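Structure first, then comments.
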Amino acid sequence: MSAAIDRYAPDLLAWFDTHGRHDLPWQHPRTPYRVWLSEIMLQQTQVATVIGYFDRFVDALPDLPALAAAPQERVLALWSGLGYYARARNLHAAARLCVERHDGDLPRDLDALVALPGIGRSTAAAILSQAWGDRHAILDGNVKRVLARYHGIDGWPGAPRVEKQLWALADAHASSPDLPDARLPDYTQAQMDLGATLCTRARPTCLLCPLRGACVAHRDGRTDDLPTPRPGKTLPQREADVLWLEDARGRILLQQRPQTGIWAALWTLPQAEDRDAADAWRDTHVHAPGDGEPLPPIAHAFSHYRLTLHPRRWRAVAPRDDVGDNDTLRWVPSDALDTLGIPAPIRKLLSRAGE
DNA sequence: AAGCCGGGGAA
DNA sequence: TTCCCAGGCTT
């Protein structure tokens with residue numbers, strides 16, 4: 001075990017210098033704010049997806065005070081399509097807390113970072129090690145996969161017992177005297193690069209791996225079995241009816257979702273559990289002739305259930321006299337949709353506006 | 001300990 | 001189709 005611990009960081013760093021990723025947007029410049037933003041965006045989201053969102057976000061809100069001063073609606077609009085919108089709300093709230101508590105800067109302290117919304121142990125460690133070079137171990141999906149294989153750890157890494165074991169190994173590696181102080185940012189990045197490019201979930205490229213000499217899974221031919229996959233479960237199926245209501249000027253009636261629950265605080269088409277409820281909502285808000293134009297169902301999968309949306313479209317509807325714009329209801333021109341936070345499947349549906 | 005919370009890439 | 005990804009928060 002000790003030899004396996006000792007070789008880990010040096011072998012990894014030697015590989016990183018020639019084969020790691022050195023040109024990611026948040027590495028130039030590698031400021032605490034940019035590292036923080038990237039870490040939040042990268043939670044459960046792949047690098048290729050994040051890059052475009054990251055560039056747009058820092059272009060619009062280049063530093064922490066700018067983020068703290070922005071209205072929530074602007075932050076959600078910049079996040080629109082990226083998913084897990086609690087990340088955006090927590091990011092925004094954390095920025096404002098940093099202005100209150102830390103003079104507008106991120107704190108250089110693990111516990112102070114974890115005390116901010118949206119930052120857990122691994123994200124705090126990633127920020128400290130990459131932005132300041134402080135010695136902290138991370139344990140994200142990449143590191144879990146690398147360590148499970150390298151040490152031959154059985155069991156689903158999401159299980160608390162297994163996760164505790166992996167944290168202990170991650171800490172042991174980060175504490176190695178063979179990991180120089182000056183190399184903590186590269187060490188953290190190197191682990192994520194290895195997991196993302198070589199030690200992938202399917203078909204890892206062990207032939208090119210700098211750690212294969214001491215890797216238990218490679219030695220035992222178990223790379224396809226480790227890490228142990230999550231126990232399976234069948235997801236419940238739900239249905240909903242969706243109303244696409246356009247007035248004579250082509251504006252679309254949008255409704256803001258509640259502050260909690262799925263798609264919290266985002267703007268969507270009015271939605272009901274079934275057709276009768278949808279028709280009832282329609283008749284209390286607008287005069288809409290006929291049954292509407294049925295559009296193809298939209299299938300959308302969440303991590304914990306599947307949702308099938310049944311949209312219908314009406315054109316040239318008239319609002320009832322007592323129904324106008326208010327806090328949670330707006331008539332939105334089709335060219336103004338980009339300014340609002342809208343769930344990806346609804347935005348895709350609405351991209352057909354004007355037809 | 002388990003559920004909640006998006007969207008997309010990969011096989 | 002199925003899995004799961006640079007997770008964290010709530011119950």
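Below, chain A is the first sequence line, B the second, and so on; all start at residue 1. Keep in mind that what you see is a predicted model, and the values were worked out from it rather than measured.
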Original post:
Which listed nucleotide (B:dG7, C:dC4, C:dA6) is nearest to the side chain of A:V47?
Top reply: C:dA6
Original post:
In whole angstrom, what separates A:D140's CG from C:dG8's P?
Top reply: 9 Å
Subject >> A:T268 versus A:Q255, side-chain donor and acceptor atoms under 3.5 Å >> reply: no
Subject >> Heavy-atom donor-acceptor pair, A:R230 side-chain to C:dC4 base, under 3.5 Å >> reply: no
Subject >> A:R161 vs A:I262, nearer the 5' end of DNA chain B by closest nucleotide >> reply: A:R161
Original post:
Which is true for A:G195 with a 4.0 Å heavy-atom rule: it touches a base, it touches only sugar-phosphate, or it touches nothing?
Top reply: nothing
Original post:
So what does A:I138 touch, heavy atoms closer than 4.0 Å: a base, only the sugar-phosphate, or nothing?
Top reply: nothing
**OP:** Could you check which of B:dA1, B:dC5, C:dT2 has an atom nearest any side-chain atom of A:Y84?
**Re:** B:dC5
Original post:
A:P343 has a side chain; which of C:dA6, B:dC5, B:dG7 sits nearest to it?
Top reply: B:dG7
Original post:
If only atom types and distance count, is the side chain of A:R135 paired as donor or acceptor with the main-chain N or O of A:L179 below 3.5 Å?
Top reply: yes
Subject >> d(CZ, A:F302; P, B:dG6) in whole Å >> reply: 7 Å
**OP:** Please determine, for the side chain of A:H304, which listed nucleotide (B:dC5, B:dG6, C:dG7) has the closest atom?
**Re:** B:dC5
**OP:** Take atom P in B:dC5 and the same atom in C:dT1, then report the distance between them in whole Å.
**Re:** 24 Å
**OP:** Remember a base hit wins even if backbone is also touched, and classify A:L24 as base, sugar-phosphate or nothing at under 4.0 Å, heavy atoms.
**Re:** base
Original post:
What nucleotide, of B:dC5, B:dG7, C:dC5, holds the atom closest to the side chain of A:R145?
Top reply: C:dC5
**OP:** Report yes or no: is there a donor-acceptor pair, N or O only, under 3.5 Å between the side chain of A:R21 and the base of C:dA6?
**Re:** yes
Original post:
Among the nucleotides B:dG6, B:dA11, B:dG9, which one has an atom lying closest to any side-chain atom of A:A202?
Top reply: B:dA11
Subject >> A:Y305 and A:F302 aromatic centres sub-6.0 Å >> reply: yes
**OP:** Can you check whether any acceptor in the base of B:dG9 is under 3.5 Å from a donor in the side chain of A:T49, or vice versa?
**Re:** no
**OP:** Round to a whole Å and report the spacing from CG of A:L194 to C1' of C:dA6.
**Re:** 14 Å
Subject >> Atom-pair distance (CD on A:Q43; P on C:dC5), nearest Å >> reply: 14 Å
Original post:
Which one, C:dG8, C:dA6, B:dG6, comes nearest to the side chain of A:T123?
Top reply: C:dG8
Original post:
Think A:R34 forms a cation-pi with A:W26, using NZ or CZ under 6.0 Å from the six-ring centre and within 45 degrees of its axis?
Top reply: no
**OP:** Quickly work out the A:M192 CE to C:dC4 C1' distance and round it to whole Å.
**Re:** 18 Å
Original post:
Do the side chain of A:Q130 and the main chain of A:D186 share a donor and acceptor less than 3.5 angstrom apart?
Top reply: no
Subject >> 5′-ward residue of the pair A:A264/A:Q46 relative to DNA chain B >> reply: A:A264
Original post:
Between A:F16 and A:H22, what is the ring plane arrangement, given parallel below 30°, perpendicular above 60°, and tilted in between?
Top reply: tilted
Subject >> B:dA11 versus C:dA6 - spacing of their P atoms, nearest Å >> reply: 14 Å
**OP:** Looking at every strand, decide which applies to A:W26 at a 4.0 Å heavy-atom threshold: base, sugar-phosphate, or nothing.
**Re:** base
**OP:** Could you state the atom-to-atom distance from OH of A:Y305 to P of B:dC4 in whole Å?
**Re:** 9 Å
Original post:
With rounding to whole Å, what would you report as the distance between B:dG6 and C:dT11 at their P atoms?
Top reply: 16 Å
Subject >> Distance between P atoms of B:dG3 and C:dC3 (Å, rounded) >> reply: 16 Å
Original post:
Taking NZ from A:K348 and P from B:dG7, how many angstroms apart are they, rounded to a whole number?
Top reply: 12 Å
